[in-house]
There are 2 protein chains.
Amino acid sequence: MPTKADQFAADLGALAAQAKALAHPARLAIIQLLADRDACVCGEIVDDLPLAQSTVSRHLKVLKEAGLVQGTVDGPSVCYCLDAEAIRVLHDRFADFFAQLEPRSTPDDCC
Amino acid sequence: MPTKADQFAADLGALAAQAKALAHPARLAIIQLLADRDACVCGEIVDDLPLAQSTVSRHLKVLKEAGLVQGTVDGPSVCYCLDAEAIRVLHDRFADFFAQLEPRSTPDDCC
DNA sequence: TTCGTTTATCGAATAACTACGATAAACGAT
DNA sequence: ATCGTTTATCGTAGTTATTCGATAAACGAA
């Protein structure tokens with residue numbers, strides 16, 4: 001079922017989709033957590049966030065669906081870690097987007 | 001009324017809020033449009049997007065509330081333009097966030 | 001096998017987002 | 001003062017997001 005948002009350029013849609021994954025402080029906090037513990041972390045994320053376990057699980061699912069985080073089963077628990085390559089791609093996408101915004105000499109504030 | 005998302009660090013909340021403003025292809029398209037026409041544009045945005053005028057007006061409101069766009073009344077129409085300084089700040093915020101993610105030597109993929 | 005731990009999913013409630021048409025408000029021009 | 005143009009807002013509808021508690025599923029250990 002195509003939504004209205006699909007009528008835009010694919011690259012804008014892709015960037016918007018990943019921006020949406022970043023559009024919640026809990027998910028940003030999770031990303032920072034996963035980066036801080038240089039390797040990866042399992043359910044300690046729940047202890048570090050003021051959210052219920054099921055809520056954290058949902059946020060992790062969003063991040064996984066956005067391709068930013070990977071989870072591998074490790075015994076009874078699950079080990080989550082950042083997808084470093086995906087993060088880099090996202091970083092580049094944002095950098096490109098912002099770079100495109102200022103080829104203009106931004107002479108004086110318009111209006 | 002404080003929501004659950006307010007319990008996170010203020011900087012994460014601020015970044016998440018602006019990421020949310022970018023989390024729709026129409027709003028990204030609007031930002032690109034405003035940057036392309038080096039100065040600013042009024043209602044031509046509506047003509048360039050496959051959306052109703054009222055919908056575009058809402059998206060513009062979101063961008064204004066995020067502080068990324070300014071609108072000044074110009075006769076019967078309104079002139080919108082990017083807030084170049086706010087864009088720069090947002091760019092920096094994203095850059096900082098991503099930079100923080102990779103102080104690790106990213107030895108080998110964990111897990 | 002049974003128990004405890006860990007994670008995912010379901011169900012449900014509330015809130016927010018996206019979208020449109022219709023209408024109102026502001027303004028210049030006639 | 002009235003008309004047409006432009007933009008904002010309102011009302012509404014449908015979808016999606018956020019959150020929690022409760023429950024299920026997976027697994028190691030006893």
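On a predicted model such as this, the values are computed, not experimentally measured, just so you know. Side chains are part of it too, since the values below use all heavy atoms of this structure and drop only hydrogens, waters and symmetry mates. Convention: sequence-line order gives letters A, B, ...; per-chain numbering from 1.
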Could you measure the distance from the [atom1] atom of [X] to the [atom2] atom of [Y]? Nearest 0.5 Å is fine.
| X | Y | atom1 | atom2 | value |
| --- | --- | --- | --- | --- |
| L15(B) | L90(B) | CG | CG | 7.0 Å |
| I45(A) | L60(A) | CD1 | CG | 5.0 Å |
| H91(A) | D96(A) | NE2 | CG | 10.0 Å |

If I compare all heavy atoms of [X] with all of [Y], which pair ends up nearest, and what's the gap?
| X | Y | value |
| --- | --- | --- |
| L28(A) | L12(B) | CD1-O, 3.4 Å |
| Q100(B) | Q32(A) | OE1-NE2, 3.0 Å |
| G75(A) | V73(A) | O-CG1, 3.5 Å |

Rounded to the nearest Å, what distance is computed from the [atom1] atom of residue [X] to the [atom2] atom of nucleotide [N]?
| X | N | atom1 | atom2 | answer |
| --- | --- | --- | --- | --- |
| E65(A) | dT16(D) | CD | P | 13 Å |
| I30(A) | dT19(D) | CD1 | C1' | 14 Å |
| H24(A) | dA15(C) | NE2 | C1' | 12 Å |
| L63(B) | dC17(C) | CG | C1' | 14 Å |
| K61(A) | dT19(D) | NZ | P | 16 Å |
| D74(A) | dC27(D) | CG | P | 12 Å |
| L51(A) | dA17(D) | CG | P | 17 Å |

Comparing E44(B) and R27(A) on DNA chain D - which has the more 5′ nearest nucleotide | E44(B)
What's touching nucleotides 23-30 of chain C from the protein side, N or O pairs under 3.5 Å?
none

Of the nucleotides dG21(C), dA8(C), dT18(C), which one has an atom closest to the side chain of A52(B)?
-> dG21(C)
Please examine the side chains of Q18(B) and R93(B), heavy atoms only from C-beta on, and report whether any two atoms are closer than 4.5 Å.
-> yes
Comparing K20(A) and T55(A) on DNA chain C - which has the more 5′ nearest nucleotide | T55(A)
Looking at [X], I'd like to know whether one of its side-chain N or O atoms comes within less than 4.0 Å of OP1 or OP2 on [N].
| X | N | answer |
| --- | --- | --- |
| R58(A) | dC20(D) | no |
| Y80(B) | dA8(D) | yes |
| H59(B) | dA19(C) | yes |

Any donor-acceptor pair under 3.5 Å from D83(B) side chain to A86(B) backbone = yes
Is a side-chain donor or acceptor of R27(A) paired with a backbone partner of H59(A) at a separation under 3.5 angstrom?
-> no
Using five pairs at either end of the helix from dT1(C)-dA30(D) to dT30(C)-dA1(D), determine the angle between the two local helix axes and round it to 10 degrees.
-> 10°
Classify the nucleic acid contact of S77(B) as base, sugar-phosphate or nothing, counting any heavy atom under 4.0 Å across all strands shown.
-> sugar-phosphate
